[in-house]
Enquirer: 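Here it is, the structure, as structure tokens.
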Number of protein chains: 2
Amino acid sequence: MSGSRAPTLREVARHAGVHVATASRALNTAQQHLVSEDTRARVQAASAALGYRANAVAQSLRTGTTGTIGVVVADLANPFNASILRGIEHGIQDRGILPLVVETHDHPERMRSAVARLLGNRVDAIVLCAAHTGDEAYVRELARTVPLVLAVRGFGLRLGAGSGDGPAEVLQDDVLGARAAVDHLVGLGHRRIAQLPGNPTISSFVERASGYRAALADHPGVHDLSSGSHASESSVAEGRRLAAELLSREAARRPTALFAHNDLIAVGALDALRAAGLRCPDDVSVIGYNDAPLSDHLDPPLTTVRLPSFELGGRTARLVLEALDGVRESPRSVMLSPEFIPRRSTSAPRLESGS
Amino acid sequence: MSGSRAPTLREVARHAGVHVATASRALNTAQQHLVSEDTRARVQAASAALGYRANAVAQSLRTGTTGTIGVVVADLANPFNASILRGIEHGIQDRGILPLVVETHDHPERMRSAVARLLGNRVDAIVLCAAHTGDEAYVRELARTVPLVLAVRGFGLRLGAGSGDGPAEVLQDDVLGARAAVDHLVGLGHRRIAQLPGNPTISSFVERASGYRAALADHPGVHDLSSGSHASESSVAEGRRLAAELLSREAARRPTALFAHNDLIAVGALDALRAAGLRCPDDVSVIGYNDAPLSDHLDPPLTTVRLPSFELGGRTARLVLEALDGVRESPRSVMLSPEFIPRRSTSAPRLESGS
DNA sequence: TTGAAAGCGGTACCAG
DNA sequence: CTGGTACCGCTTTCAA
């Protein structure tokens, strides 16, 4: 297999009876005008005849730019990340940039080694979608080494956003999303609600939690019955565990509505309800987050918060391109708004005696 | 941002007071033994002090190997593909190989240009998960250019599998999966069934269709009420369209069970049933394919066929590594078996008069 | 054990 | 418009 070695530019040049330099010019659109019509044709013919394909490795070494960007993502199995990736790809493809995608599975050490590899491969820029709250110092330092765009996950304080230093960032307003969820529940009449929080080492969940609390503070009559615990990972199993904990309480201290930080956690909550002989939304309402595929076909269809993931990828791509082009005047911090999607997993609470 | 240029080996060498060649040897584990204990320490200290990171581009150019493989996938939004990718990544990561992932969105031209780019980047091997039936000649030729592993999708005839030429392949037995689905339905008592086929330019769907027909041929009393049409893409909308077509028939010519080639198509069928005022499984049973995330939480939970996607990725990775190592004696064709997952979207057909 | 030098496959500057 | 040449950063033979 893998037949004889790929032809080199040198071979193409010899074939066309010209010097390598001339062949290079003839094939490079940016300077074809420096070459006579005639030789250009001969070189291109030779190139086609030999099936020549420029060695990107050699080009990179010479030009100091690889035409690749690194994309560091927590988990490709998460369709939300896949969608961001597609947005990024869409945004950079017509510039001929190739994304190198690496997964971290949410291990900070893997994140660092992934970045190290990308750096070794001399990517022109890095998009980091897998930051943890503890990575702040590292990320800040990294941004001094390579053009960096922080996507999806950031750090509470804006890292020099707007100013020239620190990474650019494209985030979504998780505080707003959480507020929308709480307002919806309160509007339906719920007075005892609880959140099922995601892992607090991830900024999205920190923000959702604080949005939740802030919204509750605006509604004095509403009680927060959240337990102290959070999901270690965003999974159905963890959702089941968290919800079961809450549902095992005596009825009076049991929430009538649950705000899950993630759709899978919400699905786990639905399982727990069923296991406890409770019905959704009749006994307990449930809200998810992300609008995962098929969440509209669950039993019941899940009320959730949709993130503009594809667009987020697109905006990220734009910031990357601007960074590569050395554009300085553009905004270096973008905040996208989520969209609240009411479906059938939420309804007014059952009428009852007591507060 | 992007501070002063990354340090080179030359700089490390100067810093340590040795020649570049010596520095190279001191940092390369494979030949550290050629260097004195003392200088090795000095070089490594200098390397650490400068924050040196070997330029993989230069290494690649010199050694002729990039430590990267290309992975061509139809669509990352499909969790099935994401899972295969993880299997591949898992299988190659300890060898320090980086996968370059490119999406084709099932456009054959994009597939070719994606492959061309990967070839330009001098990947050491290519995994093709996005082949169409019409790509056979192209793929056969490609396999002569670069070590190639065909995953998930193949071509009806084994392309020189087992022999030395043609691509290696890791497929799953779609015929078997379709048979399992049909046998399940017939076992439940269904006598009028139909399939909702996926796009026939993709081998998986061709195989599922032929498995379906073969299984029906084994059950003479069972009628195939499939329409001639197929889904142009595997989506809920297409499933809805196909199913609606079938359900618009008069009751006697209407199937009591549907075998969809894909879970999303099956979900569309569930929608169509609901829209027609029919219930699943009471009026019509539905089977999907792939065991998509949350398909177990649908209304009703979807009977489906699970593919060993992660393992498929792992086997693919193994074949890639063997190809890179020049192993010749290993099997070059792997066929994995699917697992039938009965859930609540299938049941015995409603008792009725007539055949 | 270390240094010298060639060269991987291109690009780009300088002459002519 | 074309040829000559240096060089990107590293690895690897060959000598010393």
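Worth saying up front: this structure is predicted, and the values here are computed from it rather than measured. Residue numbers begin at 1 in each chain, while the letters A, B, ... track the order of the sequences.
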Enquirer: Applying a 4.0 Å non-hydrogen cut-off, can you work out what A:T39 is touching in the nucleic acid: base, sugar-phosphate, or nothing?
Expert: sugar-phosphate

Enquirer: Let me know the distance between CG of B:N28 and P of D:dT12, rounded to the nearest Å.
Expert: 7 Å

Enquirer: Relative to the 5' end of DNA chain D, which residue comes earlier, B:A21 or B:V57, by the nucleotide with the nearest heavy atom?
Expert: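 On the 5' side of the pair lies B:V57.
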
Enquirer: Pair B:Y52, B:H15 - check ring pair (Phe, Tyr, Trp, His ring centres under 6.0 Å), show working.
Expert: CA-CA 11 Å; B:Y52 172 72; B:H15 205 82; over 10 Å; no

Enquirer: Between D:dT12 atom P and B:L27 atom CG, what is the distance in whole Å?
Expert: 13 Å

Enquirer: Testing the basics here: between B:A46 and B:A16, what is the closest heavy-atom pair and its distance to 0.1 Å?
Expert: CB-CB, 3.9 Å

Enquirer: Please tell me if B:Q59 has a side-chain N or O lying less than 4.0 Å from either OP1 or OP2 of D:dG9.
Expert: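 Indeed not, no polar side-chain atom of B:Q59 lies that close.
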
Enquirer: What is the distance, to the nearest angstrom, from the CG atom on A:L9 to the P atom on D:dG4?
Expert: 15 Å

Enquirer: Between A:R117 and B:I97, what is the shortest heavy-atom contact and its length?
Expert: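 Answer, listing the atom of A:R117 first, then B:I97: NH2-C, 3.4 Å.
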
Enquirer: The side chain of A:L34 lies closest to which of these nucleotides: D:dG9, D:dT2, D:dG4?
Expert: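 Nearest to the side-chain atoms of A:L34, counting from C-beta on, is D:dT2.
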
Enquirer: Do B:E169 and B:R332 touch side chain to side chain, with heavy atoms closer than 4.5 Å?
Expert: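 Sidechains of B:R332 and B:E169: no contact.
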
Enquirer: Could you check how far NE2 of B:H19 sits from P of D:dA15, rounded to whole Å?
Expert: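 Nearest whole value for this atom pair: 16 Å.
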
Enquirer: Of B:V35 and A:Y52, whose closest DNA chain C nucleotide lies nearer the 5' terminus?
Expert: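 Upstream on the strand: B:V35.
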
Enquirer: Of the non-hydrogen atoms in A:V152 and A:F80, which two are nearest, and what is the gap between them?
Expert: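 That would be CG1-CE2, 3.6 Å.
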
Enquirer: Are A:P147 and A:I126 packed together at the side-chain level, in the sense that at least one heavy-atom pair is separated by less than 4.5 angstrom?
Expert: no

Enquirer: Can you measure B:L61 atom CG to D:dT11 atom C1' for me and round it to whole angstrom units?
Expert: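 After rounding, the gap between these two atoms is 11 Å.
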
Enquirer: Nearest to the side chain of A:S36 - D:dC10, D:dC1, D:dT11?
Expert: D:dC1

Enquirer: For D:dC7, does the base pair up with any side-chain atom of A:R62 as donor and acceptor (N or O, under 3.5 Å, distance only)?
Expert: yes

Enquirer: Of all nucleotides in DNA chain C that come within under 4.0 Å of a heavy atom of chain A, which is furthest toward the 5' end and which toward the 3' end?
Expert: C:dG9 to C:dC13

Enquirer: I need the CZ-P distance between B:R10 and D:dC8, as an integer number of Å.
Expert: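 From B:R10 CZ to D:dC8 P: 7 Å.
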
Enquirer: Taking the six-membered ring of B:F310, is the NZ or CZ of B:R86 close enough (under 6.0 Å from the centre) and on axis enough (within 45°)?
Expert: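 No, B:R86 does not lie over the aromatic ring of B:F310.
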
Enquirer: Let me know, please, whether A:R25 or B:E37 comes out on the 5' side of the other along DNA chain C by nearest nucleotide.
Expert: B:E37

